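Read the structure below first, then the notes.
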Amino acid sequence: MTSLPKQGKSWSELDGEMDAARDGDVDWRRGRVGVYIHYAGDEVLDVAKKAYLKFFSENGLGPRAFPSLARFESDVVAMTLRLLHGGSDARGAMTTGGTESIFLAVKSARDWARVARPAVERPHIVVPQTAHPAFNKAADWLGIEVQRVPVGADFHADADAMAAAIGPRTIMLVGSAPAFPHGVMDPIADIAAVALRHDLWMHVDACVGGFIAPFAKALGEPIGDFDFAVPGVVSMSADLHKYGYAAKGASTVLYRDAAAFKFQAYSFSDWPRGVYATQTLVGTRAGGAIAAAWAVMNFLGEDGYRAITRRLLDTRRAIGAGVEKLGLEIWGRPELSILSYGSAAIDIAQVADRLSTRGWFVGRLVEPPGIHLMLNLTHEPIVEEYLGDLDWAMNEARAGRARKVEQPATY
Ligand SMILES: Cc1ncc(COP(=O)(O)O)c(C=O)c1O
């Protein structure tokens with residue numbers, strides 16, 4: 001087991017060691033990873049890094065000590081709310097990621113229900129089968145039961161089936177914009193109408209789509225309303241560290257109004273240091289992540305985000321067309337930057353195994369079996385190479401030459 005070195009090492013030694021440690025990492029800069037990375041060009045990355053370093057030591061826990069960070073956060077939340085059609089009473093906060101945003105929204109819904117539905121002892125929430133596992137993680141920790149409802153044949157959430165799953169203990173419904181597995185947008189207006197009819201809290205998980213769907217819509221893509229423009233949507237999550245292109249450790253959790261937002265806050269004073277009050281789950285927060293999000297949003301502006309979105313949509317279409325030309329099927333009708341595909345005619349797991357041997361880090365879908373891609377601009381120049389290797393991998397799989405590689409079916 002590694003122990004703390006007796007004497008410290010020099011930076012040059014550590015620098016070398018860390019570079020060597022990277023040897024086994026996947027080459028994301030060459031577009032080899034269809035998950036984890038949201039690259040929008042070196043210029044954007046540079047802005048994020050510089051802003052992060054500028055506020056590297058500052059702590060988002062201390063808005064009175066660092067009014068700069070308080071202002072950045074308030075600007076980021078306001079810009080995001082504006083983008084997602086929040087009204088003048090809408091509120092929100094920056095969090096460390098999608099999981100924390102979702103956790104907080106579920107906790108707020110639970111605490112709202114304690115007031116609005118005091119008879120409910122063990123709350124129940126209804127989510128589509130395709131919703132992110134963060135809802136289960138949050139619910140498990142918060143003493144809430146989750147019911148996952150099968151999606152339709154097109155992989156969209158089925159609002160009628162969700163309505164049928166509502167019982168006396170149900171407090172919350174969820175829709176994704178889009179859902180991670182197939183990249184399709186759930187019918188948010190339909191789910192929200194059900195939520196309104198049953199007086200339930202409705203959350204839209206726009207962790208992936210929050211900073212891409214509005215621009216795709218502006219580019220004329222046929223995307224339905226999915227945000228606070230839809231009556232009944234109470235809260236949303238939108239990740240800055242995905243298609244906001246900010247440094248990792250940045251997301252937003254947003255509320256239609258101050259009355260909903262108030263369920264998120266926490267305050268405690270029964271200890272020697274007086275009042276400890278936070279809006280989010282964590283205490284200390286990286287000042288760098290807050291500063292980088294603010295800087296990138298202002299660096300890109302609407303035009304910048306729209307231009308990147310157009311390139312991503314073109315890349316998705318090019319890959320989708322190539323995949324179909326190879327005889328594979330795109331699962332559902334992806335609307336943004338995620339696509340997944342497979343085929344009943346070929347063992348797609350074997351294709352994925354073979355593809356991995358050429359340096360691609362392959363995301364795997366389980367239902368239906370498939371290959372999953374979440375795109376960023378590193379994929380723009382490698383479309384032909386990817387499709388060429390896919391063609392080769394399919395031939396290898398057909399010829400029975402697929403070799404099992406050690407890559408689990410997780411993302
Ligand atoms: C739809 C969706 N929601 C939530 C999350 C969780 O985000 P994070 O990994 O930032 O916690 C993800 C992550 O991929 C996602 O795709």
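Residue numbers start at 1 and run along the sequence shown. Fair warning: this is a prediction, and the values are worked out from it, not measured in the lab.
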- Item | Among Arg317, Arg316, Arg311, salt bridge (Lys or Arg N to Asp or Glu O under 4.0 Å) partner for Glu380 | Arg311
Any pair with a residue in [range] that passes salt bridge (Lys or Arg N to Asp or Glu O under 4.0 Å), sequence neighbours left out, goes on the list, sorted by first then second residue, please.
{"range": "residues 203-215", "value": "none"}
{"range": "residues 226-237", "value": "none"}
{"range": "residues 80-96", "value": "Asp89-Arg91"}
{"range": "residues 280-299", "value": "Glu73-Arg285"}

Ionic contact status for [Y] with [X], cut-off 4.0 Å:
{"X": "Asp42", "Y": "Arg29", "result": "yes"}
{"X": "Asp257", "Y": "Lys262", "result": "no"}
{"X": "Asp314", "Y": "Arg310", "result": "no"}

Could you work out, with side-chain hydrogen bond (donor to acceptor under 3.5 Å, both in side chains) as the rule, every residue matching [X], not counting sequence neighbours?
{"X": "Glu43", "value": "none"}
{"X": "Glu385", "value": "Arg32"}
{"X": "Glu324", "value": "none"}
{"X": "Tyr341", "value": "Tyr386"}

What I'd like to find out is whether the side chain of [X] reaches to under 4.5 Å of the side chain of [Y], using heavy atoms alone.
{"X": "Ser251", "Y": "Leu240", "result": "no"}
{"X": "Arg30", "Y": "Ile382", "result": "no"}
{"X": "Met202", "Y": "Val204", "result": "yes"}
{"X": "Arg256", "Y": "Phe261", "result": "no"}
{"X": "Arg169", "Y": "Arg122", "result": "yes"}
{"X": "Phe361", "Y": "Ser356", "result": "no"}
{"X": "Val115", "Y": "Phe263", "result": "yes"}
{"X": "Val208", "Y": "Asp239", "result": "no"}

- Message: Checking Ile371 against Leu365 for the side-chain contact (heavy atoms from CB on, under 4.5 Å) test, could you report, in this order, the C-alpha distance in whole Å, the side-chain angles of both residues, the deciding distance, and whether it holds?
- Response: CA-CA 6 Å; Ile371 290 176; Leu365 198 73; over 6 Å; no
[Y] and [X] side chains, donor-acceptor separation under 3.5 Å:
{"X": "Asn395", "Y": "Arg354", "result": "no"}
{"X": "Thr280", "Y": "Thr95", "result": "no"}
{"X": "His203", "Y": "Ser235", "result": "yes"}

Quick one: are the ring centres of [X] and [Y] less than 6.0 Å apart?
{"X": "Trp28", "Y": "Tyr39", "answer": "yes"}
{"X": "His85", "Y": "Phe228", "answer": "no"}
{"X": "Phe268", "Y": "Tyr276", "answer": "no"}

Exceeds 12 heavy-atom contacts within 6.0 angstrom, atom [atom1] of [X]:
{"X": "Arg358", "atom1": "CZ", "answer": "yes"}
{"X": "Trp392", "atom1": "CH2", "answer": "yes"}
{"X": "Asp270", "atom1": "CG", "answer": "no"}

Distance, nearest 0.5 Å, that separates [atom1] of [X] from [atom2] of [Y]:
{"X": "Thr315", "Y": "Leu375", "atom1": "OG1", "atom2": "CG", "result": "6.5 Å"}
{"X": "Leu84", "Y": "Leu81", "atom1": "CG", "atom2": "CG", "result": "7.0 Å"}
{"X": "Met94", "Y": "Leu254", "atom1": "CE", "atom2": "CG", "result": "11.0 Å"}
{"X": "His379", "Y": "Met374", "atom1": "NE2", "atom2": "CE", "result": "9.5 Å"}
{"X": "Leu355", "Y": "Arg364", "atom1": "CG", "atom2": "CZ", "result": "9.0 Å"}
{"X": "Glu302", "Y": "Met297", "atom1": "CD", "atom2": "CE", "result": "10.5 Å"}

- Message: Can you list everything that forms a salt bridge (charged side-chain N to carboxylate O under 4.0 Å, His left out) with Asp303? Sequence neighbours excluded, please.
- Response: Arg306
- Message: According to salt bridge (charged side-chain N to carboxylate O under 4.0 Å, His left out), who are the partners of Asp160, at least two apart in sequence or on a separate chain?
- Response: none
Under 3.5 Å, is there a donor-acceptor pair between the side chain of [X] and the main chain of [Y]?
{"X": "Thr252", "Y": "Ala238", "value": "yes"}
{"X": "Ser237", "Y": "Val253", "value": "no"}
{"X": "Asp158", "Y": "Gly152", "value": "no"}
{"X": "Ser176", "Y": "Pro178", "value": "no"}
{"X": "Tyr52", "Y": "Ala291", "value": "no"}
{"X": "Lys242", "Y": "Tyr36", "value": "no"}
{"X": "His241", "Y": "Ala250", "value": "yes"}
{"X": "Glu221", "Y": "Lys217", "value": "no"}
{"X": "Asp186", "Y": "His156", "value": "no"}

Ignoring hydrogens and angles, write down the donor-acceptor pairs under 3.5 Å from the side chains of residues 328-339, residues two or more places apart or on other chains.
unit_1, atom_1, unit_2, atom_2, d
Trp331, NE1, Pro369, O, 3.4
Glu335, OE1, Met185, N, 2.8
Ser337, OG, Tyr243, OH, 3.0

- Task: Give the intermediate values and the outcome of side-chain contact (heavy atoms from CB on, under 4.5 Å) for residues Glu17 and Asp15.
- Result: CA-CA 5 Å; Glu17 243 184 80; Asp15 195 23; over 6 Å; no
- Message: Suppose the criterion is ring-ring contact (aromatic ring centres under 6.0 Å, His included): which pairs have a residue in residues 58-77, not counting sequence neighbours?
- Response: Phe55-Phe72, Phe72-Trp294
- Between Phe180 and His132, what is the ring plane arrangement, given parallel below 30°, perpendicular above 60°, and tilted in between?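 Perpendicular.
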- Query: Would Ile166 and Leu200 count as a side-chain contact (heavy atoms from CB on, under 4.5 Å) if you check the C-alpha gap in whole Å, the side-chain angles of each, and the deciding distance to 0.1 Å?
  - Reply: CA-CA 10 Å; Ile166 293 169; Leu200 302 174; 3.6 Å; yes
- Query: Which pair of heavy atoms, one from Cys207 and one from Ile102, lies closest together, and at what distance?
  - Reply: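 Between these two residues, the closest heavy atoms are SG-CD1, 4.3 Å.
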